[in-house]
Number of protein chains: 2
Amino acid sequence: MFRFTKQTEYAILSLQYIAKNSNRLVSVREISEELEIPFQFTSKILQQLIKSDIVESRQGVKGGYKLVKEAKDILITDIMEIFDPNSLQPNCIDIINGTICKRSGRCNLQKTVFKIKNEVEKVLKDYSIEKSMKD
Amino acid sequence: MFRFTKQTEYAILSLQYIAKNSNRLVSVREISEELEIPFQFTSKILQQLIKSDIVESRQGVKGGYKLVKEAKDILITDIMEIFDPNSLQPNCIDIINGTICKRSGRCNLQKTVFKIKNEVEKVLKDYSIEKSMKD
DNA sequence: ATAAAATACGATTAAAATAATCGCATATAT
DNA sequence: ATATATGCGATTATTTTAATCGTATTTTAT
Ligand code: SF4
Ligand code: SF4
């Protein structure tokens with residue numbers, strides 16, 4: 001499938017929202033309600049974004065999230081890699097399981113598949129959170 | 001996920017193999033063994049390719065498959081559309097269920113998503129079965 | 001005729017990936 | 001203290017994808 005997973009898409013939407021309100025901390029509750037994303041799911045996604053140093057949070061009353069990096073420095077591909085590390089890699093390689101396709105080496109499709117990967121990647125690398133907000 | 005489904009990939013491999021042996025009918029058994037694709041799965045895939053007028057078959061002893069269209073006229077995207085009709089479409093639209101995303105209309109990502117779709121599609125439309133065999 | 005070698009195809013099952021929730025812990029402002 | 005937040009591992013549910021089953025039909029060769 002050549003589409004974003006929901007996690008990836010929800011992450012992008014959340015980051016857009018946080019970026020738009022960068023003067024304050026934004027709570028999960030607010031993001032969840034504004035964007036109609038399940039609360040716990042939103043929460044889990046943001047926590048993963050902390051681990052990747054894209055956002056940071058403060059707990060407690062008036063807590064919430066804010067960006068660590070500037071919106072222009074967060075690429076769509078960064079988010080894809082966090083939530084779906086295989087997605088930018090062809091089937092020949094399985095990053096998650098550390099396996100390679102048994103046809104590798106005698107496969108007449110592999111070169112094409114990597115060419116396509118490189119060209120598609122080039123397209124995607126051109127989009128940041130900031131750029132997506134200006135579109 | 002930005003990768004081919006197995007059905008799509010197996011279909012491409014099978015078509016390459018049939019194209020390479022275009023002087024005769026090729027049996028599912030042979031394709032299945034040569035490419036290490038489960039027999040019944042290969043069979044099912046080829047039957048779907050008949051419905052899309054990409055191959056034709058003859059039953060019985062010495063039966064098998066051959067191409068209807070020339071390898072240069074079969075695009076990778078044609079195959080993707082057969083086995084995964086949503087794959088070239090962003091999440092905003094669900095072709096299979098005929099639904100649209102509830103955020104549509106007030107979504108700050110949609111334009112970007114369609115731009116990316118168009119650019120990626122342009123890349124993919126450049127690849128045919130024939131081209132993939134020459135790579 | 002009939003046996004063997006093939007495809008045809010709907011139905012079903014299995015496996016994997018993705019989405020979502022639960023429950024409890026911890027931090028903080030008032 | 002209390003209410004309002006995040007933190008996080010574990011679990012469950014759902015959906016998608018992969019694969020198989022069983023039976024019918026067609027065709028060739030003997
Ligand atoms: S392109 Fe070839 S090697 Fe790569 S996954 Fe597909 S079959 Fe395997
Ligand atoms: S881009 Fe916006 S409208 Fe399209 S699927 Fe994502 S959230 Fe929905």
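Chain A is the first sequence line, chain B the second, and so forth, proteins listed ahead of strands; every chain is numbered from 1. This structure is a prediction, so every number in the text was calculated from the model and none was measured.
- Annotation: side-chain contact (heavy atoms from CB on, under 4.5 Å) contacts of B/Arg58 (sequence neighbours excluded): B/Leu25.
- For A/Ser27, whose side chain is taken as the heavy atoms from C-beta onward, the closest listed nucleotide among C/dT7, C/dT18, D/dT6 is D/dT6.
- Nucleotide C/dA27 holds its C1' atom 14 Å from the CG atom of A/Leu25, rounded to whole Å.
- Protein atom CZ of A/Phe2 is 18 Å distant from nucleotide atom P of D/dT16, rounded to whole Å.
- If you measure from atom CZ of B/Arg3 to atom C1' of D/dT16, you get 15 Å, rounded to the nearest angstrom.
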- Task: Going 5' to 3' through nucleotides 18-30 of chain D, assign each nucleotide B (protein heavy atom under 4.0 Å from a base atom), S (under 4.0 Å only from sugar-phosphate atoms) or - (no protein heavy atom that close).
- Result: SBBBB--BBBBS-

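- Residues that satisfy the salt bridge (charged side-chain N to carboxylate O under 4.0 Å, His left out) test with B/Lys66, not counting sequence neighbours, are B/Glu56.
- With rounding to whole Å, A/Lys66 atom NZ is found 15 Å from D/dT6 atom P.
- Computed from coordinates, the A/Leu46 CG to D/dT6 C1' distance equals 10 Å when rounded to whole Å.
- Nearest-nucleotide assignment on DNA chain C puts the 5′-proximal partner with B/Arg29, out of B/Lys51 and B/Arg29.
- Take A/Tyr65 and apply the ring pair (Phe, Tyr, Trp, His ring centres under 6.0 Å) test, not counting sequence neighbours, and it matches no residue.
- Between B/Phe2 atom CZ and B/Ser87 atom OG the span is 10.0 Å, to the nearest 0.5 Å.
- For the residue pair B/Gln16 / B/Ser132, a side-chain donor-acceptor distance below 3.5 Å is found, with atom types taken as modelled.
- At whole-Å resolution of the value, CG in B/Leu49 and P in C/dC9 are 13 Å apart.
- Applying the side-chain contact (heavy atoms from CB on, under 4.5 Å) rule to B/Ala71 yields the partners B/Ala19, B/Leu67, B/Ile129, B/Glu130; only residues at least two apart in sequence or on another chain are considered.
- As rounded to whole Å, 14 Å separates atom P of C/dA27 from atom CD1 of A/Ile50.
- For the OP1/OP2 pair of D/dG7 and a distance below 4.0 Å, the side-chain nitrogens and oxygens of A/Ser57 include at least one atom meeting the criterion.
- Applying the ring pair (Phe, Tyr, Trp, His ring centres under 6.0 Å) criterion to A/Phe41, with sequence neighbours excluded, gives A/Tyr10.
- In this entry the distance linking CD1 of B/Ile45 with C1' of C/dT7 reads 15 Å, nearest Å.
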